[in-house]
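Since we're looking at a predicted model, the values are computed, not measured. A note on names: the letters A, B, ... follow the listed sequences, proteins ahead of strands, and every chain is numbered from 1.
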Amino acid sequence: MEFADLNISYSAIAPEIITSLTGVAIMLIDAFSKQGARRTNALVAIIGFGLTLAALAGLWTGTWTPFGGDYFSGMVVVDHMRLIFSFIIVIVGILAVLLAGQFLKDEELPAGEFFSLVMFASAGMLMMASAGDLVMVFLGLETTSIATYILAGYRKYDVRANESSLKYFLLGSFATAFLLYGIALVYGATGTTNIVGIQKAIASGAINYPPLLLIGAAMMLVGFGFKIASAPFHLWTPDVYEGAPTLVTAFMATGPKAAVFAAFLRVFAVGFSSPTTGVGETLQETWVSVLAVIAVLTMTIGNVVALTQKNIKRMLAYSSIAHAGYALVGFVTGDFGPVAFYLLAYAVMNIGAFAVIQMLARPGDRKTEISDYAGVGFETPLLSFSLAIFLLSLAGIPPTGGFIAKFFVFRSAWESTPGLRWLVIVAVINSIISIYYYLYPIIVMFFRPLPAGFSKPKVGAGVTAVLVLTLAGVFFLGLMPDRVLGALNQGRGAARVAIQEAFR
Amino acid sequence: MLTAVVSGFVLALLAPWLYRIARGAAGWLLSLLPAALFVYFAAFIPQIASGRTAAASLPWVPALGVNLSFYLDGLSLAFALLITGIGALIIIYAGGYLAGDAHLGRLYAFLLMFMASMLGLVLADNLITLFIFWELTGVSSYLLIGFDHQRDEARAAALQALLVTGLGGLAMLAGFVMLGIAGGSLDLTTLLGRGDAVKSHTLYPAILVLVLLGAFTKSAQFPFHFWLPGAMEAPAPVSAYLHSATMVKAGIYLLARLAPIMGGAELWQYSVTVAGAVTMLVGAAIALAQTDLKRILAFSTVSALGTLTMLIGIGTTPAIIAAMTLLLAHSFYKGALFLASGSLDHETGTREVNELGGLLRAMPVTGAATIAAALSMAGIPPLLGFISKELLYESLLHAPIIEEVLTVAGVLAGVAMAALAGVVAIKPFFGEKTETPKSAHEAPASMLLGPALLATLGLAAGLLPNALGASLVAAAAGAALGAPIEVKLSLWHGFNFVLLLSAATLAAGSAAYLMRRKIYRLGESMQRVSQWGPSRWYRSTLDGVLSIADMQTRVLQSGYMRFYLLIVIAATLGPAGYIFWSRVRPAMPQAPMDLRFYEWLVAAVILGAAIATVKSTSRLTAVATLGVVGFGIALIYILYGAPDLAKTQFAIETLTVVLFVLVLYRLPRFTKYSEKPARMRDLAVALGVGGMMTTLVLAVTAIPRESRLAGYFAEHSVATAKGRNIVNVILVDFRGLDTLGEITVLSVAAIGVFALLRLRSSQQKSDPPGDAQ
């Protein structure tokens, strides 16, 4: 192999480089500044994300690097799918940083590590989105996971946070082991870890011992399934989401989930989709069917169990499981567009909801029972009305982004794969069930009497900014989704596959 | 038109604030908007009557074919006039009914929001837009029903209404999407011309069922009728507006709107007609057994909604004309009755008909309005109700399907209506004056305007039928039929069979009114049967879902890590094991098994140590035996010629054991956490996974594979890198860049450690010891 074949292009990985370097810079500033420089660190993090956005925009326009190519001998790809998921990841990162200021101040936690962990986690997520190779997928996944394991236990004197972190770490490592084993088996079967290479190997039929490929894919499915919190690998989610600091929960449920979905899509919808050969067909039919079953389980368990939750964080944890299920419905279309739009809408409304919850929960996350919300409706109108809108959006009620996202996913799935229309019907029934529990906190907020001794939480500038941004986002996606949909349509075909044929 | 819809929402936002300023006058002020809108829509009458339509459009999501487009034809105009006209009266009425209530401002806001949503619903040209406003009416009605939120019944009723109609609405959305696929468009105006394509499409039955679910739940058709009486927990103006005049008619609107597209097919005809007829009878029967004024009106509304549905199902020109006439007549008389009964309740403190009597003298205006409206309800000339009843019988007699059955059903319902009219009008106002909880006197002007005006309208429209018939009814019926028609309404049709039926109905109705005590007793004995009705299905479904959720939490979400792991492993073992068993096992390559003696020995040691680990009763033993397992694996590395790997493994194993021992002292006492059955289950899962992994390893190792790398490094180590220690050469030369990366990582980690140490020392300075929470 010649050096030129490596196709090295630093601009192709500029977003990852910038986030990583920002993370290091924050660590350095923190190590050498006199006091824990919270404001400076937040500012640096925001600037870092701003530069990352600029880099992504540069890649999008194709001014630096030819669009649609792969670099570092296929390790990194530059295409619409990667960039759209990267945008989602950076948006989540920015919102998390904005929220973090007040959290760190109120709870007197060190700021440097927090911001640098967010940066490193984001770098890992960006790697997952850009990965053209299973090794990169793994690298990104681990980078993200390790950072989030720590973030989950960031409130280190809190027993619940410790439990949350430890559970996440142990179960997460276990799932990663599955993924890694799967990668090894797939490599053994196809002789390559490059995702397009795998597709080509399957298409040409050059597989050493086909069953290995199937088992490898199954193991990878378990690994990814764990990370996106799909049933039956979802059991960690409620415990971890409840115990982690609210802000971290919001971050974990949106950013890493979007990133893992990106990698998941690329590996399965691109790598494992060449139904031209016997093995390829079996593989594709198997994973699409298994995924459909997982989607049904995920939606149903998430929604039904959410019905009886008394703790709002736990309720939203189950809701997040359900939403992963809806996104999986979009997955079976084989097109990244609906999934990406769904995850974008989910990220915006979910972070918004958690921002309010963080404010109402007070330092130490003491008030997270739904009964704690009694009567706050007209006391703190900004928070309560925002939360109501986010919950309605999560329930998929128009004219919010949540509605368009569901509509887009369900319609795409319905039209693209007639063999899986029953899946859409299950999804619709699930959305109906979900309305019940999303409305419950709204009722409690507005229609229950306020207990004595309620004091209004002080909402800082960062949190206000997040609320304004997420509200604007929810309505932007709900009322004027055309720009985003247009961008997604441009990229159609990049990851589009022939699942439709298999299930027609 | 867009402004007409949006203005309601805007005013809704301002309403609480306006109420704070204007207090008592707020109702009159706020009603100006619906009144103005009424005038605005009334101005369209000539244009629409001449057969033209009006439209307005705004792009929303062109990429998905969703536009915010509005469209005004006869049908939407009739509804828009009802919504705005009655809306104005209701807002004025509410000001009197809830005068002094702290949350009246909020009620105004919800009412206006509801009105705007309802307007959007009937004006929408796009199916998705229609759905959105449909759901918005659901949400605003939820807020209105639950207005009296201190009471549990109100909240439960509100939720029930929302769940039932919301559920139907989402089914309807699915139906709409399919309709869009079948008809190739989501625009109603476009779909109108594609009725045949829709009806011949394979999806038609599914579309029909889903759309009907939406319409039937909203319009309280059997078996979804139970939510409507429950929703009567709402204050009187809300019941009058939502549950009689407008919202429950949204389903009727939808049926009439889709009739030209989907109607006419046999499936449509039978399902809609029969559902309507059953609802008509069930509603009438239950209404007869009630003694609460509001519940009587609620169930008689269910019955009227059934009649409307039935007529649309029949679908002939006379039937549609009858439906549109009944729509108007019912809105007038039922609106008046609801409001008047609200006044009665407000002024006397009770709604129980047996406690009311001889009130005409105390409440003359309310009484007169009630009587006029009741006459219309009973179908007595010269009121509009009479005309609509004549038209109803006429169209039932000539219905294309099961006309005998339908006629009998229609007459029976008519008898019930006549009897009920007696119960609501004669009983409270005539006869002996009874003692009421509050001493009765006439209601304030704001509460008289609505009932009086609506009752007068019923009379006026009966006397001058063609003022209405020529324009509004003709235009609305024409839109529902899909072709313009001429309509001539008249009070007198001559002596014919229909008139005979009407007379018989009245006679039987009077008899039923006189025998009402017997009916009440019958109703009480029927209570036990109705306990098993649909309302119970709703409750048990809801309870069932909740208890499944509870069970899941108890069983699966136990909080124990080991249990979570078990599920993950078992879930993997399932599908992977299946693939393994069905595909891998049959094609297992046979590896040559020429094991040497010490290999057996190492294997035995590892196995023995593993078993000892599991069986041990102390942590120390477990850690030590686990160490033995690790060392055994390291021995295997040595046997297969990988001493560097073995060295690493030895180091790590030693370190792990040391760390374990350090931690052990801080752990609580060792106890057995699980019972024997649980252990057996764990054993089975563990053996399954272990077995699968082992065979997998055997399968992989049996595949002949050459390493390209090993040869490459061996060949080029001396030749190109000038080094004999291959491992070193790889580290510093072939993969030099990776090594650089690792060094960088180490230094970054060092920075982290430095930061941590600094943090520690600064904390020690600032925090007093033992301050950790």
Are the side chains of [X] and [Y] in touch, meaning some heavy atoms are under 4.5 Å apart?
X: A:F233; Y: B:Y564; value: no
X: B:I128; Y: A:F407; value: yes
X: B:L565; Y: A:L170; value: no
X: B:I181; Y: A:W414; value: yes
X: A:L28; Y: B:I751; value: yes

Is it the backbone or the side chain of [X] that comes under 4.5 Å from a heavy atom of chain B, or both, or neither?
X: A:L439; result: side chain
X: A:L479; result: both
X: A:V290; result: neither

Hey, what do you get for [atom1] ([X]) to [atom2] ([Y]), rounding to the nearest 0.5 Å?
X: B:L170; Y: A:N430; atom1: CG; atom2: CG; answer: 11.5 Å
X: A:W236; Y: B:I567; atom1: CH2; atom2: CD1; answer: 16.0 Å
X: B:T695; Y: A:I215; atom1: OG1; atom2: CD1; answer: 8.5 Å

Under a 4.5 Å heavy-atom cut-off, does chain A meet the side chain of [X], its backbone, both or neither?
X: B:M693; answer: both
X: B:F133; answer: neither
X: B:V177; answer: side chain

Task: Residues in salt bridge (Lys or Arg N to Asp or Glu O under 4.0 Å) contact with A:E242, at least two apart in sequence or another chain - done: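 Result, salt bridge (Lys or Arg N to Asp or Glu O under 4.0 Å) vs A:E242: A:R314.
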